[in-house]
Structure formats: C-alpha cells, structure tokens
Amino acid sequence: EVRVAPVNPAAEPARRLYVMTFRDMTEARRMDRMRTDFVANASHELRTPLASLMGFIETMQGPARGDEKARDQFFGIMLEQAQRMARLIDDLLSLSRLEMRAHVAPEGSVDLGKTVTHVVDTLKPMADDLGIVIELSLPEAPAVVTGDVDELIQVFSNLVENACKYGQSGKRVEILVTRPEGEGPLVTVRDFGPGIPKEHVPRLTERFYRVDVETSRTKKGTGLGLAIVKHILTRHRARLIIKSVPGEGSSFTVKFSPAETARTDAIKEIYK
Ligand code: ADP
C-alpha cells in the first residue's frame, strides 16, 4: 500500500511538502512475521528453564561439589525446570497438530455433560489441593455437539484448570452446561478470583500472552493454554466469550453453533 499525503495541506500547491509511506501488509508477510515472533518466543521460553538447568549443573560440578544438602535441593529445582520444558513442548506439539488439522472438520458426537463431568473428576484432586470446590450444573436433556472428544476435553480442562489456578482459594468454581432455546449449547466456567483487567481480555488467546508472567510461571502455566482452546474452538465453529470484572471474577463461555448440535442416539460411549 502506498500513500501520499501533504504535510502542510493549507499551503499553496507549489509550496506543499508531501510524505510518501509504504506499507506492505499482505497476508503472507503478516503470517511470516507471526511465525518469526512465535519461534522467537518459543525459543526464549525454552531457553529460560534450560539456562537454569545448566547453571545448577555447573554449580554442582564446581562450588557445590560434595555438598549433599545443596545437591538434594538443586535436584528438586532441576526436576521442576525439566518438567516446565516438557509442558512447553507438549503444548507446542498440540498447537502444531491442531494447525495441521485446522481445515478438517471434526466428526464425532460429543455429549457435553459427560465430557465436562469427566474433566471435573480428573481435576478434582488439583482443586482440592487449592481449596476450591467445583460445582457442576447440567441440563436435563443431554447437550450433544459434533466434535472431537479429546480436543473438547482439552478445552474444558484448560478452562477449569485456569479457573482453579487463577481463582481464589476457599471460593468455588462453577461450571454450567445449558441448551438455550433455538441456539447452540453453552458451557460456562466461572471463577470468583481477582478477575482480569479489561485491557488484557482481548489478548488472552494470543500465544504466550499472560497478564502476569511471574504468576503464570509459579502456577505452572505455559501461556499457550488459551491459544490451544481458541484453535480447537475455531475448528469446531464454536466461540469463546470472556467476561471479567476485576475484584469479582471471570467467566469463560464456549458457545457452540446450533448447526453443530448432533443427534443424541449417535453418541459413542468412550468414557468407561
Ligand atoms: P497460562 O499457561 O499462563 O495459564 P493461558 O493461555 O491458559 O496461559 O492463559 C493466559 C493468561 O490469561 C494467564 O497467564 C492468566 O494471566 C490469564 N487467565 C486465564 N484464565 C484466567 C482466569 N480464570 N482468571 C484470571 N486470569 C486468567
């Protein structure tokens, strides 16, 4: 895109100065830029725990050699850093697999109530540790969508895990599955934590975007959870609606499109 604009438009034509600006915003260029940023971010995220691991190994080979107490403590930290790298690699692989499947529509039939119940059962020990009670509310008739059950399990796991991690100990997390008349089913995950300042909300699904990097790290986050959620939901033609009131809490709602509602009798029993 080329633009020519006068710097002093009020001046008589012979005295006008012009600036010419060039902007190349072709889709391909933007994608290239995003890819480069992503590789740079991913490398940085992997380098941080790796640098820490190398530092501890060197200390154990040098100054702390023979210090058994320090060694035990260092091994603990080193394991945490290695686990952090493993989580990052798992999330990066998930994203890359999702990108490869981005243009293939999912095919199975998924009962949302059963899927969410399965997620809650899996995450209950973590919620217990954090002092959070998960309350689940399901519709009377099953809410069924066309989708990939493993991917939807990942979506709800990420949302419920975030609600527990960033929610408040001693408070509850609510999960609500509803089937509004004439619309696609909704799954809402709501917490009563500190909430998210408004300016961050539109950016939460960007890769590696965190409101607070330190908090995300201490809570074992990778910054990729909501990016994965968004990818999966796009493939399912579903939307993520985020609402948050600082000081009161946040809600993350997955809205499936009505066309994706599948027939109940097609459900395969895959949970047992
Ligand atoms: P992370 O691995 O850091 O949790 P996510 O992509 O899952 O990454 O989330 C991105 C960021 O969004 C988090 O770092 C956190 O700052 C914010 N966030 C996500 N869910 C919540 C929530 N329920 N309450 C408050 N902040 C949240």
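Remember, it's 1-based here, ligands and their atoms both numbered in the order they're listed.
For CZ of R33, the number of neighbouring non-hydrogen atoms (other residues, nucleotides, ligands) closer than 6.0 Å is 12 at most.
Without hydrogens or angle criteria, R16 side chain to A11 main chain gives a donor-acceptor distance under 3.5 Å. Judged purely by atom type and a 3.5 angstrom limit, K219 uses its side chain to pair as donor or acceptor with the backbone of K165.
Residue F192 is found outside any hydrophobic cluster, as its side-chain heavy atoms come under 4.5 Å of no other Ile, Leu, Val, Met, Phe, Trp or Tyr.
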Could you list each N/O atom of ligand 1 together with any protein N/O atom closer than 3.5 Å, one pair per line with the distance?
from	atom 1	to	atom 2	distance (Å)
ligand 1	2 (O)	T222	N	2.7
ligand 1	2 (O)	G223	N	2.8
ligand 1	3 (O)	Y166	OH	3.2
ligand 1	3 (O)	S216	OG	2.6
ligand 1	3 (O)	G223	N	3.4
ligand 1	4 (O)	N162	OD1	3.4
ligand 1	4 (O)	K165	NZ	3.4
ligand 1	4 (O)	Y166	OH	2.6
ligand 1	6 (O)	G225	N	3.3
ligand 1	6 (O)	L226	N	2.8
ligand 1	7 (O)	N162	OD1	3.4
ligand 1	7 (O)	N162	ND2	2.9
ligand 1	8 (O)	G223	N	3.4
ligand 1	14 (O)	Y166	OH	3.4
ligand 1	16 (O)	V211	N	3.1
ligand 1	23 (N)	D191	OD2	2.8

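In plain terms, the two heavy atoms of E206 and A227 that are nearest each other are C-CB, 4.3 Å.
Expressed to the nearest 0.5 Å, how far CD1 of I57 lies from CE of M60 amounts to 7.5 Å.
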